Peer 1: 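I'd like to ask you about the structure that follows.
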There are 2 protein chains.
Amino acid sequence: MPDGQRAVTITEVATRAGVSISTASKALNGRGQLRDETRERVFAAANELGYQPNALARSLVQRRSFTVGLLSTESADRFNIPLHMGIENELGAGRVSVFLCDGRADPLRERFYLDSLLSRRVDGIVVTGVRTDARPPLSNVPLPVPVVYAYSCSADPSDLSVLPDDEHGGRLAAEHLLSAGWRTFAHITGPMDFAAVRDRLAGFRATLADAGLELPDRRVYSGPWRESFGRDAAADLLDRHPEVDAVFCGSDQVARGVLDILRERGRRVPEDVGVVGFDNWGVLTEDSRPPLTSVDMNLQELGALAARRLLSMIEGHRESGLIRHPCRLEVRASGGAPAPRGPGGIGPVG
Amino acid sequence: MPDGQRAVTITEVATRAGVSISTASKALNGRGQLRDETRERVFAAANELGYQPNALARSLVQRRSFTVGLLSTESADRFNIPLHMGIENELGAGRVSVFLCDGRADPLRERFYLDSLLSRRVDGIVVTGVRTDARPPLSNVPLPVPVVYAYSCSADPSDLSVLPDDEHGGRLAAEHLLSAGWRTFAHITGPMDFAAVRDRLAGFRATLADAGLELPDRRVYSGPWRESFGRDAAADLLDRHPEVDAVFCGSDQVARGVLDILRERGRRVPEDVGVVGFDNWGVLTEDSRPPLTSVDMNLQELGALAARRLLSMIEGHRESGLIRHPCRLEVRASGGAPAPRGPGGIGPVG
DNA sequence: CATGGTAAGGAAAAGCCTTTCCGTAGTCTG
DNA sequence: CAGACTACGGAAAGGCTTTTCCTTACCATG
């Protein structure tokens, strides 16, 4: 307190309004049976004094702090931006404040933060990550507060985890490319030890299969999540499988590399080849040539969903298991234009 | 509390250790005069019970919550990632927890969050933004807690603001390009109503002037912070001023567009032209062709610096004014290789 | 033996709020 | 007019710590 000025307490408000402390409390919180006139007098006094109730004292007596911990496993990643926005926004609307903790994938740090949050008596914790693969739960012993894992998955099935539906994302990409008339597909994606990579591929393949098409392994490239890998893979693809007319990329970074190589090799997108990315990351998708059609994981919605569930758990509802939140396709130019549909289904165009 | 389990209090620890509450408190906090044996007994009891002191109660009596509010003005932006990491990390090391509040450039939201933070009795507030231009202070009335503006600048000079030294960034870019032997410069950057844009240009020009070179306005392009603008500007530049051999870009996004056009027009980087970007944003710089040399604003350090200052202010030190934190050049390939220096100064190479 | 110093630890207040319980006054019912 | 409500508002407990001030007991000193 730089100016040594004490914050005004409810006692002062009560005195000024000429009522007891308890009456002031009731008036301010809309409880008890009070005359309207009394309430107004208290409110007036509070306003004049600029009264701000001390949340610390309130939490102490209510045994509810209206705070939650946001514990990000991996170091603050770009995925966490929309996710955290969704969480913070949803909680803030419910007057719940958020403690930010960056675990940096370090179990020791995570433990430290967990203790700190517990000590601050948070009402709940949301653990965020950047991978959908199962991770060890926050604690082996049952915690005194509910926990939800968002874009992160607890290995303990009795925990609640909320993940994007990567398989659905793969299906969306396939449906879009199919409806644009492409028929010979390739997939350039991230490392296969990511569950997300496998799920996206599975969804993509399943939808292709439904259309009687297949994606052989030789046209699936797996490598690091980098633009340069997109370029290398695309170059190899054009050499070995020039017949490919559509590429589904596991990330927008990869897609950018793919786009560059296609361009350099004289393959026009989307006239000759269709391309779909994943992540819908504005910086990469909006100004690429052509603008990149991409699967959006709705991370902000996902965060909001996780927050709502946590709130519900704090209310006492028990929740567990895995929730998969659907993806969405942001259509720009690179995937090609959907062919007009005949009355009988997907319009088959060569 | 899902299991209705009450947290263990210091009373239980004291009872178990066979001492009074105050003795337990002293033992746990390393205060007072206690026999070592007594201390150990208390610690043992605390461990066995899994005691976690209630930070709420502690804050109440100590009048210090060991929390600070992190109020981001603009919606969670990518710049905020390293900035927030720096802040959170520095504060966390000092056992201070961070409340995350996303103001979204909405004064009403900001007001709401400010009240919320004050009510929670934070010890201080750091306001983050994404522009260096002066903004109205958080509040017109003096606040009961210290505030520091990080990558954000209060219009009130009695506030403390911490900003990157954009002018220094411009100078770094110029020095690098000069030492690589380039002599005819252009600048493609963001909107001129950004103070950062003007500062970077000023620093760049000043260093050029020191070397007896100038950058005429006709070779300065100002436009939106977009890759597509980088492309458009580069195309125009090549048409009108083909003699230019070095381009300093106001952001990495712009630089990416510039690199693409140079490449397409057959100008090799860095053999024929040198390019330097700004922001050192990994996704864009590391995998571009060639990898992009870029000015790094040291945002993480900047955040840590702001946090340290805030901590100091919380300790009672008064601080105000503007701190400019230096930039740093991340040298990759695009700027060209510094020419070997002769004994007489910068080596002049065509 | 009176005095004083010191080490060890306890009692109680303070920090600020909510909530339960109770008293008072007024109104209604039979 | 007795008895039963209702509306209003106050007193006090409770939530968990820290900290200040005391009380003991012990030892040394003159």
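Just so we're clear, the structure is a prediction, and the values are computed from it rather than from any experiment.
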Peer 1: Can you sort out the partners of A:Ala306 under side chain to side chain contact (heavy atoms under 4.5 Å, CB included), two or more places apart, ordered by chain and number?
Peer 2: A:Val148, A:Ala150, A:Val162
Peer 1: Applying side chain to side chain donor-acceptor pair (under 3.5 Å), can you list everything that pairs with B:Thr128, at least two apart in sequence or on another chain?
Peer 2: B:His84
Peer 1: Excluding sequence neighbours, so at least two apart, what forms side chain to side chain donor-acceptor pair (under 3.5 Å) with B:Ser119?
Peer 2: none
Peer 1: Not counting sequence neighbours, list each pair that qualifies as a salt bridge (Lys or Arg N to Asp or Glu O under 4.0 Å) and has a residue in residues 17-27 of chain B.
Peer 2: none
Peer 1: Over how many whole Å does the gap from B:Leu28 atom CG to D:dT19 atom P extend?
Peer 2: 13 Å
Peer 1: Without decimals, in angstroms, what is the distance between B:Phe66 CZ and D:dT17 C1'?
Peer 2: 14 Å
Peer 1: Below 4.0 angstrom, which residues in residues 46-62 of chain A have at least one non-hydrogen atom near DNA chain D?
Peer 2: A:Ala57, A:Leu60, A:Val61
Peer 1: If I take atom NZ in residue A:Lys26 and atom P in nucleotide D:dA7, what distance separates them, rounded to the nearest angstrom?
Peer 2: 14 Å
Peer 1: How large an angle, rounded to 10°, do the end axes of the helix from C:dC1-D:dG30 to C:dG30-D:dC1 enclose when each is built from five base pairs?
Peer 2: 60°
Peer 1: May I have all residue pairs that pass side-chain hydrogen bond (donor to acceptor under 3.5 Å, both in side chains) and include part of residues 52-62 of chain B, sequence neighbours excluded?
Peer 2: A:Asp115-B:Gln52
Peer 1: Near DNA chain D, which residues from residues 33-44 of chain A have a heavy atom under 4.0 Å away?
Peer 2: A:Gln33, A:Leu34, A:Arg35, A:Thr38
Peer 1: Could you identify which residues of residues 11-23 of chain B place a heavy atom less than 4.0 Å from some atom of DNA chain D, listed by residue number, or say none?
Peer 2: B:Ile21, B:Ser22
Peer 1: Identify the 5'-most and 3'-most nucleotides of DNA chain C with at least one atom closer than 4.0 Å to a non-hydrogen atom of chain B.
Peer 2: C:dA7 to C:dC16
Peer 1: Output the rounded distance in Å from CZ (A:Arg121) to P (D:dC16).
Peer 2: 8 Å
Peer 1: Is the positively charged end of B:Arg64 above the ring of B:Phe66, judged by distance under 6.0 angstrom from the centroid and angle within 45° of the axis?
Peer 2: yes
Peer 1: Between the protein and nucleotides 22-26 of chain D, are there any N/O to N/O pairs under 3.5 Å, and if so, what are the atom names and distances?
Peer 2:
none

Peer 1: Can you list every pair that meets salt bridge (Lys or Arg N to Asp or Glu O under 4.0 Å) and has a residue in residues 27-39 of chain A, with sequence neighbours left out?
Peer 2: A:Glu37-A:Arg41
